[in-house]
Engineer: 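Right, I'll just put the structure down here and ask away after.
What you are looking at is a predicted structure, and each value in this text was computed from that prediction instead of being measured.
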Amino acid sequence: NIISKIEAQNFKFSQSCISCEYCPNAGLKGGLTVDPEIVLCENSLKSASDVETVLSHELVHFLDHLKKIDWTDVKALARSEIRASKFSLECHNHYGANLWEGGSFAEPETCTISQQFKNCVRDRAIDSVKIITHCNTAKARSIVDEVFEKSFSEEL
């Protein structure tokens with residue numbers, strides 16, 4: 001799981017790494033500070049499911065931060081956003097039933113990740129890059145598309 005991956009980076013993860021705060025930007029649900037600390041926006045999270053989704057997303061960023069990602073590099077940011085969208089619950093919650101196409105439990109090698117799920121991951125990454133870098137949708141899409149296939153195929 002993600003916590004064991006974080007702790008494999010010689011970091012002892014604890015509750016002190018997570019903060020619930022009021023966020024002035026009503027569209028923001030969470031984020032990662034440079035400390036690093038995960039911030040959950042108490043005024044934007046309406047349910048336990050929202051908290052789990054945002055926390056799972058931010059935990060991937062936390063892991064990337066421990067791996068010394070260069071947050072000033074927009075391509076590195078896009079790669080982290082793709083990974084966070086893929087490995088968090090955000091697209092699984094929407095497309096969990098449609099995550100796989102073809103095949104069966106008896107023949108799992110014939111299954112492929114659905115295009116619907118990949119599109120969700122791509123769209124979420126584009127939205128995040130757009131918000132964080134303050135660029136337009138076309139620029140964010142171009143950045144994400146440039147690194148998408150390689151980033152999507154990476155392991156956690």
Side-chain angles (χ1 to χ4, degrees), residues 1-11 13 17-21 23-46 49-101 111-156:
N1 77 29
I2 185 82
I3 301 297
S4 58
K5 297 279 187 184
I6 288 170
E7 292 183 344
Q9 298 294 312
N10 293 318
F11 186 91
F13 191 83
C17 300
I18 303 171
S19 169
C20 294
E21 301 175 11
C23 298
N25 179 344
L28 196 61
K29 292 186 177 189
L32 185 68
T33 68
V34 295
D35 297 333
E37 178 183 64
I38 294 172
V39 175
L40 300 175
C41 298
E42 63 188 10
N43 52 309
S44 298
L45 302 172
K46 306 299 181 205
S49 177
D50 282 353
V51 172
E52 289 172 352
T53 299
V54 173
L55 183 58
S56 66
H57 181 101
E58 297 305 331
L59 282 167
V60 176
H61 291 319
F62 195 97
L63 176 61
D64 285 345
H65 182 82
L66 293 176
K67 291 180 176 180
K68 308 290 188 215
I69 188 173
D70 178 2
W71 294 109
T72 63
D73 177 353
V74 293
K75 289 180 185 176
L77 169 66
R79 285 191 296 272
S80 185
E81 290 299 342
I82 292 163
R83 290 164 40 78
S85 293
K86 177 185 175 187
F87 292 113
S88 71
L89 298 172
E90 58 193 304
C91 290
H92 292 271
N93 286 347
H94 293 287
Y95 297 109
N98 298 319
L99 178 59
W100 302 101
E101 292 178 327
C111 293
T112 59
I113 292 177
S114 76
Q115 191 60 46
Q116 207 175 17
F117 178 74
K118 286 178 86 170
N119 290 345
C120 176
V121 170
R122 178 181 276 111
D123 291 346
R124 297 294 178 123
I126 290 167
D127 288 344
S128 293
V129 168
K130 184 171 77 170
I131 290 166
I132 294 166
T133 65
H134 306 287
C135 69
N136 64 37
T137 302
K139 178 67 175 170
R141 177 175 283 112
S142 172
I143 294 165
V144 169
D145 284 347
E146 187 174 340
V147 299
F148 186 81
E149 290 304 325
K150 182 178 185 298
S151 302
F152 190 85
S153 67
E154 291 176 352
E155 295 296 321
L156 186 58

Engineer: Which value, rounded to the nearest 0.5 Å, describes the distance between L40 atom CG and E58 atom CD?
Structural biologist: 7.5 Å
Engineer: Over all heavy atoms of both residues, which pair between T53 and S56 is shortest? Give the atoms and the distance, please.
Structural biologist: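 In terms of heavy atoms, the two residues are closest at O-OG, 2.8 Å.
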Engineer: Check the orientation of F11 and F13. Use parallel for under 30°, tilted for 30 to 60°, and perpendicular for over 60°.
Structural biologist: tilted
Engineer: Provide the closest heavy-atom pair for S85 versus E90 in the form atom of the first, atom of the second, distance.
Structural biologist: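 The pair with the smallest heavy-atom distance is CA-OE2, 3.3 Å.
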Engineer: Does a side chain donor of either K29 or S44 reach within less than 3.5 Å of an acceptor in the other side chain?
Structural biologist: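 S44 and K29 do not have a side-chain donor-acceptor pair below 3.5 Å.
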Engineer: Using a 3.5 Å distance criterion without hydrogens, assess whether the side chain of R83 forms a donor-acceptor pair with backbone atoms of E155.
Structural biologist: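 Answer holds: yes.
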Engineer: Say whether, by atom type as modelled, one donor and one acceptor occur between the side chain of S80 and the main chain of L77 under 3.5 angstrom.
Structural biologist: no
Engineer: State the CZ-CG distance between R141 and D127, to the nearest 0.5 angstrom.
Structural biologist: 9.0 Å
Engineer: To the closest 0.5 Å, what do you measure between CD1 (I126) and CD1 (I131)?
Structural biologist: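 Separation between the atoms: 12.0 Å.
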Engineer: Should K118 and E149 count as an ion pair when the cut-off is N to O under 4.0 Å?
Structural biologist: yes
Engineer: Go through the steps to decide whether V74 and V129 satisfy the test side-chain contact (heavy atoms from CB on, under 4.5 Å), and finish with yes or no.
Structural biologist: CA-CA 8 Å; V74 293; V129 168; 5.7 Å; no
Engineer: Going by atom types only, do H61 and H65 share a side-chain donor-acceptor pair under 3.5 Å?
Structural biologist: no
Engineer: Quick one: does S153's side chain have a donor or acceptor within less than 3.5 Å of a partner on K150's backbone?
Structural biologist: yes
Engineer: Are E52 and L55 side-chain neighbours, meaning at least one heavy-atom pair lies under 4.5 Å?
Structural biologist: no
Engineer: E81 pairs by side-chain contact (heavy atoms from CB on, under 4.5 Å) with which of V121, I132, V144?
Structural biologist: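 So, applying the side-chain contact (heavy atoms from CB on, under 4.5 Å) to E81 and each of V121, I132, V144, only I132 qualifies.
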Engineer: Between C20 and C41, is the SG gap short of 2.5 Å?
Structural biologist: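 A disulfide is absent here, as the SG pair of C20 and C41 is separated by 2.5 Å or more.
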Engineer: Run V54 and H57 through side-chain contact (heavy atoms from CB on, under 4.5 Å) and show every step you take.
Structural biologist: CA-CA 5 Å; V54 173; H57 181 101; 5.6 Å; no
Engineer: To the nearest 0.5 Å, what is the distance between CD1 on I3 and CG on L59?
Structural biologist: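 Going from CD1 on I3 over to CG on L59, the span is 4.5 Å.
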Engineer: Provide the closest heavy-atom pair for F87 versus L156 in the form atom of the first, atom of the second, distance.
Structural biologist: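 Closest heavy-atom pair between F87 and L156: CZ-N, 3.4 Å.
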Engineer: Please examine the side chains of C91 and K86, heavy atoms only from C-beta on, and report whether any two atoms are closer than 4.5 Å.
Structural biologist: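 A side-chain contact is absent here, since even the closest heavy-atom pair is not under 4.5 Å.
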Engineer: So, for I143 and A78, which heavy atoms are closest and what is the spacing to 0.1 Å?
Structural biologist: CG2-CB, 3.7 Å
Engineer: Supply the atom-to-atom distance I2 CD1 to L63 CG, rounded to the nearest 0.5 angstrom.
Structural biologist: 4.5 Å
Engineer: From K75 NZ over to E146 CD, what is the distance, rounded to the nearest 0.5 angstrom?
Structural biologist: 3.5 Å
Engineer: Counting only heavy atoms not in N1, do more than 12 sit closer than 6.0 Å to its CG atom?
Structural biologist: yes
